[in-house]
There are 2 protein chains.
Amino acid sequence: MTKELNSVQPKSDEVIVVNRREQILEAAVIVFAEHGYFRATTAQVAEKVGISQPYIFKIFKNKEELFVATLERAFERITRSFKGVNAPADQIVWEAIRVYERLMETHPNEIILQVQALGIRDEAIRQVIRQGMRDITELVKQIFVTAGMEHPEVEVSTFMANGMLCNISMTLGMPELKPKHLDRG
Amino acid sequence: MTKELNSVQPKSDEVIVVNRREQILEAAVIVFAEHGYFRATTAQVAEKVGISQPYIFKIFKNKEELFVATLERAFERITRSFKGVNAPADQIVWEAIRVYERLMETHPNEIILQVQALGIRDEAIRQVIRQGMRDITELVKQIFVTAGMEHPEVEVSTFMANGMLCNISMTLGMPELKPKHLDRG
DNA sequence: GGGTAGTGATTGATCAATAAATAAATTAAA
DNA sequence: TTTAATTTATTTATTGATCAATCACTACCC
């Protein structure tokens, strides 16, 4: 049922040292997205990696820190994706949408993770998501301004709102909730 | 610290029978909004009502059912608020926004509850929030159509997107995230 | 023989949920 | 109209599970 993720073939005698931290994060994203932060157990994450449950705590101080790390990773991927975006003013929004849509296809679990995090009341997690939202907003604004857009503030806000509705639509499994703009130009 | 909510003054000999179910729901909204569904304990809810913890389970089958009830209550309040909305096509959106903004002021905890619920992976809760979203979307659409609006589908979608961003802005305590439309017409 | 990578066994808290008992109120009987 | 019976409201005490986190140990490599 739960497939291990660390299926690494050592080439002859050369031992491939996989990064345990990365492996754990990779598994954690999946487990957290499926069961939610609180229902997910460190044992499930460990099982998916193929290590013992206590070993998680050799690498992450506690469960919260593990979740924070997965969340930060998710936000970093978003900002990294947006960093390269560049287009003339009349195309920049569609370009940004395109980039984000691809991200949602390739890393749906990270999107789910973020929607989860919106509702978590633990302060450490709230801080991460606040910072993440700030970073994305600022970055998108910078992109829109650079493209020479008319009303960047309003456009950024609209972009964030529709992006959020996209996330929620996906997390809830309600495709009918997706923003209607996106249907056709 | 945690103030009891059932401070009811019986008028002379006339005994005012307060509805325990309602009292519990009232307390639950507060406790859930503050700590989140999973961290909130039934003991905290009970303490706030001024009853014993096990008594909660005489009225609600389990914790999940209690949460579902609070969530349904929150959604009902939203739909009830929108039910009466009516205005000409060029004012209907602002009217809907006005109504929703008042709701956010009077019942912020119910909004927080909904944002929380977006990320919860338990199937019973997901169903409630899916239905709630469907109900609101449909109702807003009906209002917009009745007002004789040009592109109701797109407008409803935009309304939902900005509404969600509002909710998130509130839940995260990030006023700067609020939709920029709302600043001025 | 010390460092790195890892495991098995265990514990200590936390809570939802149950069960058994009690008090209070309401109805019925005498 | 007092009292007995019965139902309703509520509590105390307890349990049973679940898990994050710790500790003490092993195996391997340089």
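Chain naming here is simple, since letters A, B, ... match the order of the sequence lines and numbering starts at 1 in each.
The separation between A/N19 atom CG and C/dA5 atom P is 10 Å, rounded to whole Å. Following rounding to the nearest Å, B/K63 (NZ) and C/dT18 (C1') show an atom-to-atom distance of 17 Å.
Partners of B/K63 by side chain to side chain donor-acceptor pair (under 3.5 Å), not counting sequence neighbours: none found. In this structure, A/D90 has no side chain to side chain donor-acceptor pair (under 3.5 Å) partners at least two apart in sequence or on a different chain. Applying the side chain to side chain donor-acceptor pair (under 3.5 Å) rule to B/R98 yields the partners B/E95; only residues at least two apart in sequence or on another chain are considered.
The pair B/E26-B/R21 does not count as a salt bridge, with every side-chain nitrogen at least 4.0 angstrom from each carboxylate oxygen.
Across all strands shown, A/A46 has no heavy atoms under 4.0 Å from either base or sugar-phosphate atoms.
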Using residues 52-60 of chain B as the side-chain source, report each donor-acceptor pair under 3.5 Å to any protein atom, sequence neighbours left out, with the distance given to one decimal.
from  : atom 1 : to    : atom 2 : distance (Å)
B/Q53 : NE2    : B/T42 : OG1    : 3.2

Q: List the steps and the verdict of salt bridge (Lys or Arg N to Asp or Glu O under 4.0 Å) for A/E176 and B/R130.
A: CA-CA 11 Å; A/E176 70 269 30; B/R130 277 204 211 98; over 6 Å; no

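Under the 30°/60° scheme for interplanar angles, the aromatic rings of A/F82 and A/Y100 are found to lie parallel.
Of the residues in residues 52-62 of chain B, those with a non-hydrogen atom less than 4.0 angstrom from any atom of DNA chain D are B/S52, B/P54, B/Y55, B/K58.
First and last contacting nucleotides of DNA chain D toward chain A (any atom under 4.0 angstrom from a heavy atom, 5' to 3' order): D/dC19 to D/dA24.
Taking NE2 of A/H107 as the start and CD of A/Q114 as the end, the distance is 12.0 Å to the nearest 0.5 Å.
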